[in-house]
Trainee: 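For reference, the structure I am asking about is given below.
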2 protein chains.
Amino acid sequence: MTVHPLPADFGAFPFALPGGHPADSRHAQPVTCHAAGNEIYAQGEKAGCLYQVEFGAVRVYRLLSDGRRQISAFHLAGEVFGFEADGTHHFFAEAIGATGIRTLRLQAAADLSHALLPLALQSLVRAQEHLLVLGRQQAAERVAAFLLDMAERQGVLERFDLPMSRTDIADYLGLTIETVSRVFSKLREKGIIRLHGLRGVEIARWQTLRDMSE
Amino acid sequence: MTVHPLPADFGAFPFALPGGHPADSRHAQPVTCHAAGNEIYAQGEKAGCLYQVEFGAVRVYRLLSDGRRQISAFHLAGEVFGFEADGTHHFFAEAIGATGIRTLRLQAAADLSHALLPLALQSLVRAQEHLLVLGRQQAAERVAAFLLDMAERQGVLERFDLPMSRTDIADYLGLTIETVSRVFSKLREKGIIRLHGLRGVEIARWQTLRDMSE
DNA sequence: CGAGATTTTGAAAAATTTCAACATTCGTGG
DNA sequence: CCACGAATGTTGAAATTTTTCAAAATCTCG
């Protein structure tokens, strides 16, 4: 299975804000449903669209010559991604699980560059925050920051599901899967988080986690 | 010494492209000269300007609660920085050595948001590239990528000067100063680079360095 | 030239990775 | 509905890398 068109009365793209729900459907854009692992765009492809996650999650990554994969960003429902400075994609983007993506063709809407700047700056903020996490020397600090970020971006008070695998998390945090797993276990043993299956997470002590992530 | 006004016929801000030289002086903006360590803006301050480096270099960083400092970006001559998504600075910016900064007040030029988008995307690209460097697990890979980036941004064929200290480099790469120093020494011993004093660098084997940085 | 700051080097300690084995989860089909 | 198998995740122990702490060397500037 690859791509399904959807009935899609989800709302218009440029009026949808990251983290919120689209509110206007006058300029409804095509929405496609991607299965897990589905490619949204590839490195080297010509870029001409922006993408907004309707549901599900997306990973954006680059492959290194030795086969390692560095994930530069995860995108959750409501978030917009796909900005490129020179008209070419320098990353791969793919659906993590079943994911709905709204597409905006930029050529057809040259006049909304003023609406694009805030979205681009949002991407910049996310990249900068991720940068700060990767600069941390301790694995536990990175994982703590990651969990808080995921919880906050999902607007969660207690239990939530991580859309991505441990391998994805490792490639996002610049760690190995084993180190990520060990940190999860340690946080669980200390009663800071509770795990429900492989994906379910519950943050028991928010402040402790915040102190860890600094 | 803090800030000097300059005669400044350097050229107009919005027409200057990162990496190039300003070409039009019809809308010349104020240029100030900062001494080493001079603050350009502080975290928490209201943001209303963009900045372009005329000469010298700038570091942009955040202080962590335990006193550590994470440098998110260095900016060299020609580059524009200071983008903020919400009108507030979330980082500190300061001159590394003697540095000339051209300032653009954004309120006075609301109509050039279309000229701003490419500059913002440029910042995004730099942040994403830095992200990939920080994701590398080996210190030598990070230092190799850093040296190549510095050389290329200065448009250098052979010898060039690093504007920043080893401590700055360490805080930029998420390493300790000792590790950075050891990697420099190792690269020198292997004949991959040559060092001239503390700041001068000469890349002897570009391809070897590229292979290291992947 | 000399003093302070910066950088380099060494050795031990700590953290992470690697390699290997084991456990758990999830989907599928009987 | 349970069992099976593949995929994913966890744990252990050794090897490697990086950090930490300490001291020596080098550089810069007055």
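Proteins get letters first, then strands, A, B, ... in listed order; numbering begins at 1 in each.
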Trainee: What is the nucleic acid contact for B/R142, judged by heavy atoms within less than 4.0 Å: base, sugar-phosphate only, or nothing?
Mentor: nothing
Trainee: What is the distance, to the nearest angstrom, from the CD atom on A/E178 to the C1' atom on C/dA15?
Mentor: 14 Å
Trainee: Round to a whole Å and report the spacing from CZ of A/R182 to P of C/dT17.
Mentor: 9 Å
Trainee: Is any side-chain N or O of B/Q137 closer than 4.0 Å to OP1 or OP2 of C/dT17?
Mentor: yes
Trainee: Under a 4.0 Å N-O cut-off, is there an ion pair linking B/E84 with B/K46?
Mentor: no
Trainee: Can the positive tip of A/R59 be found less than 6.0 Å from the middle of the six-membered ring of A/F74, inside 45° of the ring normal?
Mentor: no
Trainee: Among C/dT18, C/dT8, C/dT9, find the nucleotide with the atom closest to the side chain of B/I177.
Mentor: C/dT8
Trainee: Answer with base, sugar-phosphate or nothing: what part of the nucleic acid does B/S185 contact at a heavy-atom distance below 4.0 Å?
Mentor: sugar-phosphate
Trainee: So what does B/G174 hit on the nucleic acid, given a heavy-atom distance under 4.0 Å: a base, only sugar-phosphate, or nothing?
Mentor: sugar-phosphate
Trainee: Counting only side-chain N and O atoms of B/S181, is one of them less than 4.0 Å from OP1 or OP2 of C/dT7?
Mentor: no
Trainee: Taking the six-membered ring for Trp and the single ring otherwise, decide whether the centroids of A/Y172 and A/F146 are under 6.0 Å apart.
Mentor: yes
Trainee: Would you please confirm or rule out a distance under 4.0 Å between OP1 or OP2 of C/dT8 and any side-chain N or O of B/R166?
Mentor: yes
Trainee: How are the rings of B/H89 and B/Y51 set relative to one another: parallel (under 30°), tilted (30 to 60°) or perpendicular (over 60°)?
Mentor: tilted
Trainee: For DNA chain D, note the earliest and the latest nucleotide, 5' to 3', having some atom under 4.0 Å of a heavy atom belonging to chain A.
Mentor: D/dG9 to D/dT19
Trainee: To the nearest Å, how far apart are A/L195 CG and C/dT24 P?
Mentor: 14 Å
Trainee: Can you tell me the distance, in whole Å, between the CD atom of B/Q138 and the C1' atom of C/dT18?
Mentor: 11 Å
Trainee: Round to the nearest Å and state the distance from A/R199 atom CZ to C/dT25 atom C1'.
Mentor: 11 Å
Trainee: Whether the B/H90 and B/Q43 side chains hold a donor-acceptor pair (N or O, under 3.5 Å, no angle test) is what I'd like checked.
Mentor: no
Trainee: Among A/E158, A/E189, A/E202, which residue satisfies the salt bridge (charged side-chain N to carboxylate O under 4.0 Å, His left out) criterion with A/R194?
Mentor: A/E202
Trainee: Tell me the interatomic distance from B/D168, atom CG, to C/dT6, atom P, rounded to whole angstroms.
Mentor: 10 Å
Trainee: Consider only side-chain N and O atoms of B/Y41 and B/E94, and report whether a donor and an acceptor are under 3.5 Å apart.
Mentor: no
Trainee: What's the CG-P distance between B/L187 and C/dT8, to the nearest Å?
Mentor: 12 Å
Trainee: Measure the distance from NZ on A/K186 to P on C/dA14 and round it to the nearest whole Å.
Mentor: 14 Å
